[in-house]
Amino acid sequence: MFERKQLAPGVFLTTLDADKFNRCRITIHLRYAALRRSATDAAVLPLVLERGYAQCPDMTALSRKLARLYGADLGVDLGTAGIDRVLTVDICGIKDRFALAGEDLTREYADIAFGVVFDPYLVDGAFDPEAVRIEKETLDRRLQAEFNNKRLYCVRQARRRFYGDSPAGIELGGYRADLPAVTPQTLKAEYDRILRTAAIDVMVQGADAANVAERLLCALEKVPRAPQLFAGAMAMPAAEPRHYREEIPGLTQAKLCMLFTTGTPEDLPSINLLRMAMSVFGGSTTSRLFRNVREKQSLCYYCGATALRATGVMMVDSGVEPGREAEAEAAILKELDDLRRGPITGEEMENSRRSLLSGLDALGDSLSGIESWYYGQIVRDEPLAPPAYGRVLVSAVKADEVRELLAGYHYSVCYAVTGQQKGGQA
């Protein structure tokens with residue numbers, strides 16, 4: 001069972017069934033436009049918000065409060081929805097009926113979650129300078145660590161070449177060079193922008209939805225709101241493939257990232273067709289890339305394909321022996337071309353279908369899985385339907401549709417990170 005209703009302009013409450021769980025969950029999603037000039041402030045913000053709010057101004061007080069609520073869990077995260085950003089605050093704990101002293105746990109959970117979102121701890125009208133200093137250092141360490149994770153580094157370098165200065169290329173984690181300019185005041189300005197312009201989706205599982213709605217409306221009374229439209233779908237234009245190569249001495253496993261574009265944002269495929277296509281090509285252990293490039297030819301330590309629907313990009317990343325990047329690239333392109341031209345067997349389709357159906361079945365095993373399913377539909381502006389309906393749609397995908405979808409991708413960027421062999425030859 002599910003129900004979604006609008007409480008105010010740009011504010012929605014979605015109630016989801018959680019009868020089989022002994023825990024409940026309240027999640028607040030704030031979807032807003034990403035801006036290059038404030039990307040680093042936006043990346044620091046969830047780190048600062050997670051430290052506490054006005055009624056619990058530090059991590060110690062917040063931790064004690066969560067512990068008193070039978071070990072409730074609080075999370076604050078930043079993600080993406082197409083080109084937009086999504087600031088998410090969620091709290092999970094036992095249901096009201098399990099409270100030993102009859103406490104109104106829904107009220108407690110909602111007060112914490114809405115406190116984090118709408119009533120942060122401020123000092124002289126801005127965020128706590130000490131908290132901002134600490135979390136800037138945290139983000140700086142994360143950004144520095146990117147280079148140490150060569151797979152992540154290669155993927156991000158490829159994305160930077162692929163997207164360039166387009167809105168889709170704004171870094172989710174911000175920019176090291178911008179960190180010195182982040183202050184308690186700039187962080188508060190970004191927070192105010194997000195709260196004013198974001199679409200707010202509150203999702204309730206196993207808690208008193210009426211109680212949550214009442215407290216949400218009370219919190220909104222103090223907030224000036226002017227919700228903005230979401231960013232539209234986009235795709236990088238098709239062009240001749242561009243190759244980039246970076247040598248890092250001592251690297252024992254080279255990384256290869258290949259990006260493809262649909263070239264146009266029109267005619268977005270269904271999410272179920274996209275998932276089937278990726279599973280057949282390189283998203284499962286029965287895929288062409290896994291069976292042929294990794295297993296039969298032993299060209300890759302790993303090799304997988306993923307795609308983003310809203311930005312029309314498909315990515316294949318792999319780990320290869322230094323010096324064999326060109327072989328791996330050619331083999332990957334051959335598998336894609338074979339799928340475009342040749343038959344896709346019924347066995348391939350069924351193996352991929354079973355894998356996806358198994359994943360759909362697993363969604364119901366956790367509150368977060370169920371919530372992610374429904375919020376994904378909201379982000380894609382689809383009518384809400386249960387995972388069982390997803391099974392029907394996945395089962396209906398045909399091989400010709402997979403072939404046609406894969407045929408629409410154009411090779412765009414190849415980025416290789418490789419070791420330097422003796423004599424300077426990689």
Side-chain angles (χ1 to χ4, degrees), residues 4-14 26-55 57 75-91 110-129 131-132 135 167-168 170-175 178 181-203 212-232 310 375 378-379 381:
R4 185 171 189 244
K5 57 184 178 181
Q6 185 169 356
L7 301 182
V11 180
F12 298 84
L13 180 79
T14 304
I26 300 171
T27 306
I28 308 164
H29 296 289
L30 294 95
R31 181 178 176 182
Y32 63 94
L35 297 178
R36 171 61 184 86
R37 66 175 182 270
S38 58
T40 308
D41 286 282
V44 173
L45 183 60
L47 303 176
V48 173
L49 291 179
E50 198 168 22
R51 297 177 64 88
Y53 59 105
Q55 300 302 314
V76 184
D77 197 16
L78 184 65
T80 60
I83 304 171
D84 293 323
R85 296 289 182 261
V86 180
L87 177 65
T88 300
V89 176
D90 67 87
I91 188 165
D111 284 348
I112 293 173
F114 293 146
V116 170
V117 173
F118 298 108
D119 193 20
Y121 174 58
L122 302 177
V123 177
D124 296 328
F127 283 98
D128 178 16
V132 174
E135 299 309 338
I170 298 173
E171 296 283 357
L172 179 64
Y175 302 83
D178 293 350
V182 175
T183 68
Q185 290 74 30
T186 63
L187 201 62
K188 179 60 163 56
E190 178 66 358
Y191 164 81
D192 289 339
R193 180 184 77 88
I194 292 171
L195 214 58
R196 183 179 66 256
T197 63
I200 301 175
D201 269 282
V202 177
M203 311 191 77
V212 174
E214 179 183 352
R215 310 192 84 75
L216 172 60
L217 289 173
C218 288
L220 286 169
E221 290 178 356
K222 307 173 185 177
V223 179
R225 294 271 295 154
Q228 294 183 352
L229 296 175
F230 300 141
Y375 188 62
I378 291 170
V379 165
D381 196 25

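Side-chain contact check for Leu87 versus Leu49: some heavy-atom pair is nearer than 4.5 Å. Side-chain atoms of Val44 and Glu190, non-hydrogen and from C-beta on, never get closer than 4.5 Å to each other.
In terms of heavy atoms, Pro184 sits closest to Pro129 at CG-CA, 3.7 Å. Across Phe127 and Tyr121, no two heavy atoms sit closer than the pair CD2-O, 3.9 Å. Nearest heavy atoms, Val48 versus Ala131: CG2-O, 4.2 Å. For the pair Val379 and Ala81, the tightest heavy-atom approach, listed with the atom from each and the gap, is CG1-CB, 3.7 Å. A pairwise comparison of heavy atoms in Pro9 and Arg225 identifies O-NH2, 3.6 Å as the closest pair. Among all heavy-atom pairs drawn from Arg215 and Ala110, the shortest one is CD-CB, 3.9 Å.
Separating the CZ atom in Phe114 from the CG atom in Leu220 is a distance of 8.0 Å, to the nearest 0.5 Å. Distance CG/Leu35 to OG1/Thr197: 8.0 Å, rounded to 0.5 Å. The CZ atom of Arg37 lies 10.0 Å from the CD1 atom of Ile170; values are rounded to the nearest 0.5 Å. The CG atom of Leu195 sits 5.5 Å away from the CZ atom of Phe118 when rounded to the nearest 0.5 Å. Note: Ile378 CD1 to Thr14 OG1 = 4.0 Å, rounded to the nearest 0.5 Å. Here the OG1 atom belonging to Thr27 is positioned 11.5 Å from the CG atom belonging to Asp77, to the nearest 0.5 angstrom.
A search for salt bridge (Lys or Arg N to Asp or Glu O under 4.0 Å) contacts involving Asp128 returns nothing, not counting sequence neighbours.
Aromatic ring pairs are classed by plane angle as parallel below 30°, tilted from 30° to 60° and perpendicular above 60°; the pair His29 and Tyr375 is parallel.
Summarising the local packing, CD of Gln185 is surrounded by more than 12 heavy atoms from other residues, nucleotides or ligands at distances under 6.0 Å.
Using a distance-only test at 3.5 Å, with no hydrogens or angles considered, no donor-acceptor pair links the side chain of Ser38 to the main chain of Asp41. Listed for the Thr186 side chain is no donor-acceptor partner under 3.5 Å among the backbone atoms of Val182. Between the side chain of Tyr191 and the backbone N or O of Val117 there is at least one donor-acceptor pair closer than 3.5 Å. With Arg4 contributing its side chain and Met203 its backbone, the two residues share no donor-acceptor pair below 3.5 Å.
By the 4.0 Å N-to-carboxylate-O rule, Lys222 lies too far from Asp119 to be salt-bridged with it. Asp124 has no carboxylate O lying under 4.0 Å from a charged side-chain N of Lys188, or vice versa, which leaves the two without a salt bridge.
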Between Ile194 and Leu45, does a side-chain contact (heavy atoms from CB on, under 4.5 Å) hold up when you go through it step by step? CA-CA 10 Å; Ile194 292 171; Leu45 183 60; 3.7 Å; yes
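For the pair Arg31 and Phe230, the cation sits on the ring face: its NZ or CZ lies under 6.0 Å from the ring centre, inside 45° of the axis.
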